[in-house]
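Here the structure comes first, spelled out in C-alpha cells, and everything after it is commentary.
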Amino acid sequence: MVLTTDAPTREQLVRRASELLPVLRKNAVWSEENRRIHDESIEALADAGIFKMRVPARYGGYESDTRTLVDVAAELGQADGSTSWVASVYTIPTWMTCQFPDAVQDEVFSTPDVRVCGTLSPTAMAAPADGGVVVNGKWAFISGALHSHWQEIVAILVPPAGEPYPIMALVPLSDLQIVDDWHTSGLKGTGSVSTIAADVFIPAERVLPLPMVLQGQSASTLNAGSPIYRAPLLPVASASSVGTVLGLARAAREAFFQRLPERKITYSGYASQAEAPLTHLQVAEAAMKIDEAEFHAHRLATLVDTKGVENAPWTLEERARARADMGAVCRLGKEAVDIYALASGGSSVYSTQPIQRIARDVQAVNLHALMHPNTNAELYGRILCGQEPDTLYL
C-alpha cells in the first residue's frame, strides 16, 4: 500500500522545530551528561515529523528540499547542538537509503519514523559470499547509533578478480555490536559511538558500489523523478550538515545578549559591559560573521536544490565549491561563537551557562574530517588552480 501525505511547507517544519526548543533545552544538560540524546527529545523530533524530511512521499515522507533541512537544523541548534547534529545526520543516510533498489526501501521504511545512521569511512572489509557479502570491521563516530534501526556502512570489497573498491550497504543495527566509547570534549550528547561488524552477511540487494552513489547514480526506479534524490552524495551531505552550525552561532548570540544587561567588565572602569566600545566592536563582528555563514549555507542549499530541479550535471568546480561553502559555514560560525564566548567573562565557564557547551560543540563540528574549514578551502583552491582533485569525496 502506498502511503501519501500532504507534506508540510518549509515554514511549517521550521515552526514545528521552534516549538520543540523548550523540551530540547530542558534535556540538553542530561544528554551531555549521559552522552546520548534523551528519549523524550527523540520522541519529540519524531512527533514533529523531523525524521520524515528525506523519506519518499510514498512511505508518508515529506521529500523536503535542502534549504528546509538547513533551516530546521538551525532552529534545533539554538536549543541543543547535539540534538540538531543527530537530526541532521539522520537525513544523510536516509537520503542514501533512497539510492537503493525500491524493494530495499520497502523493507527499511516499513518501520515508522525509521532512523538510519551511517558513515562515509571505509574502515571495514567485505568478502564475496553466496548471495551477498560478508563484512568485518569497525566504524567510529556513528552519531545517533543508539536510537537507530539501521546503519549505512562503507567497506572495501575484495572481488575474486579485479581491483578492490568501496561499497555502501545497509545493515540492521541488531546485526552490529555497539562500543560505548563516546567520551569527548564536544557534541557529547550525540552518542556517536563505534559499531563493529563480525562476520555480518549482507544480501546483494542491500549493497551498492560507493562510486556509483558519489556520482549521483541511483538504483531506485521510483525515486528517479524526485529532484531531491538526483544529486551526487557529497554536495547533498555537505548541505545537510551546515544548519547545526548556524543554530549554534545563533544560540551563542542569544546566550550573550541574555546576560549582557547585568554584566560589567571586571577590573575596568566599565560598570556596564554594554557601554564599552570593545563590546560594540565584538558584537558587530560576530553578527556579520553569522550573516556570512548564512549566506554560504543558503548558497549551498540553493545550488543542490536547483541542480536537482533542473536535473543538471555538476561541474567539478561546483562540487568543490559545495564543500568550500560547508567549510566556510563552519569557520565563520565558530569565529562568531568564539567572539561571544571570549566576551562572556570568567563566569561563563560554569556548566550552568550554555555558552561553554556551545563553544565546545562548534569546536567539535569544525574538527570533523569532512567539515574542516582548511581541508575544504584547500580542495576548492586546488580545483580553481586547475589541479586534479586528490579525493573521491566530491
Grab the two heavy atoms, one from Val29 and one from Arg357, that are nearest each other, plus how far apart they are.
CG2-NH1, 4.2 Å

Salt bridge or not for Glu335 and Arg331, using N-O below 4.0 Å?
yes

So, using side chain to side chain donor-acceptor pair (under 3.5 Å) as the criterion, who are the partners of Thr315 when residues are at least two apart?
Glu318

Would Asp102 and Arg58 pass as an ion pair if we require N to O under 4.0 Å?
yes

Check: Ser218 main-chain N/O paired with Tyr229 side-chain donor or acceptor under 3.5 Å:
no

Applying side chain to side chain donor-acceptor pair (under 3.5 Å), name anything that partners Ser194, two or more places apart in sequence or on another chain.
Asp181

Contacts of Glu107 that satisfy side chain to side chain donor-acceptor pair (under 3.5 Å) - sequence neighbours left out:
none

Of Cys117, Pro172, Ser143, the residue whose pairing with Ser148 passes side-chain contact (heavy atoms from CB on, under 4.5 Å)
Cys117

Nearest heavy-atom contact between Ser192 and Thr190 is OG-OG1, 2.7 Å

Closest non-hydrogen atoms of Val337 and Ala359, given as atom of the first, atom of the second and distance, are CG1-CA, 3.7 Å

More than 12 heavy atoms from other groups under 6.0 Å of CG on Asp130
no

Enumerate the residue pairs fulfilling side-chain hydrogen bond (donor to acceptor under 3.5 Å, both in side chains) with a member in residues 364-377, sequence neighbours excluded, ordered by first and then second residue.
Arg323-Asn376

Option among Leu300, Val236, Ile92 that satisfies the side-chain contact (heavy atoms from CB on, under 4.5 Å) test with Ser241:
Ile92

Would you find more than 12 non-hydrogen atoms of other residues, nucleotides or ligands less than 6.0 Å from Glu388 atom CD?
no

Quick one: side chains of residues 260-267, donor-acceptor pairs under 3.5 Å with protein atoms, not counting sequence neighbours, listed by atom name and distance.
residue : atom : partner : partner atom : Å
Arg263  : NE   : Gln273  : OE1          : 2.9
Arg263  : NH1  : Ser344  : O            : 3.3

Test side chain to side chain donor-acceptor pair (under 3.5 Å) on Arg259 and Ser347 and set out the steps.
CA-CA 11 Å; Arg259 300 181 68 219; Ser347 60; 2.5 Å; yes

Show the nearest heavy-atom pair for residues Asp39 and His147, with the distance to one decimal.
OD1-NE2, 2.7 Å

Mind jotting down which residue pairs meet the ring pair (Phe, Tyr, Trp, His ring centres under 6.0 Å) criterion with at least one end in residues 237-263? Sequence neighbours excluded, please.
Phe256-Tyr340

Lys334 side, atom NZ; Lys289 side, atom NZ - distance, nearest 0.5 Å
11.0 Å

State, to 0.1 Å, how close Ser220 and Cys98 come at their nearest heavy-atom pair, and which atoms those are.
CB-O, 3.4 Å

Answer yes or no: does atom CG of Leu392 have more than 12 heavy-atom neighbours from other residues, nucleotides or ligands under 6.0 Å?
no

Verify the cluster assignment for Leu370 and Met168: are they in a single hydrophobic cluster under the rule of side-chain heavy atoms below 4.5 Å apart?
yes

Is there a side chain to side chain donor-acceptor pair (under 3.5 Å) between Thr68 and Asp65? Walk through the geometry before answering.
CA-CA 6 Å; Thr68 301; Asp65 64 12; 2.6 Å; yes

Can a side-chain donor-acceptor contact be found between Arg25 and Ser41 if the only test is distance below 3.5 angstrom?
no

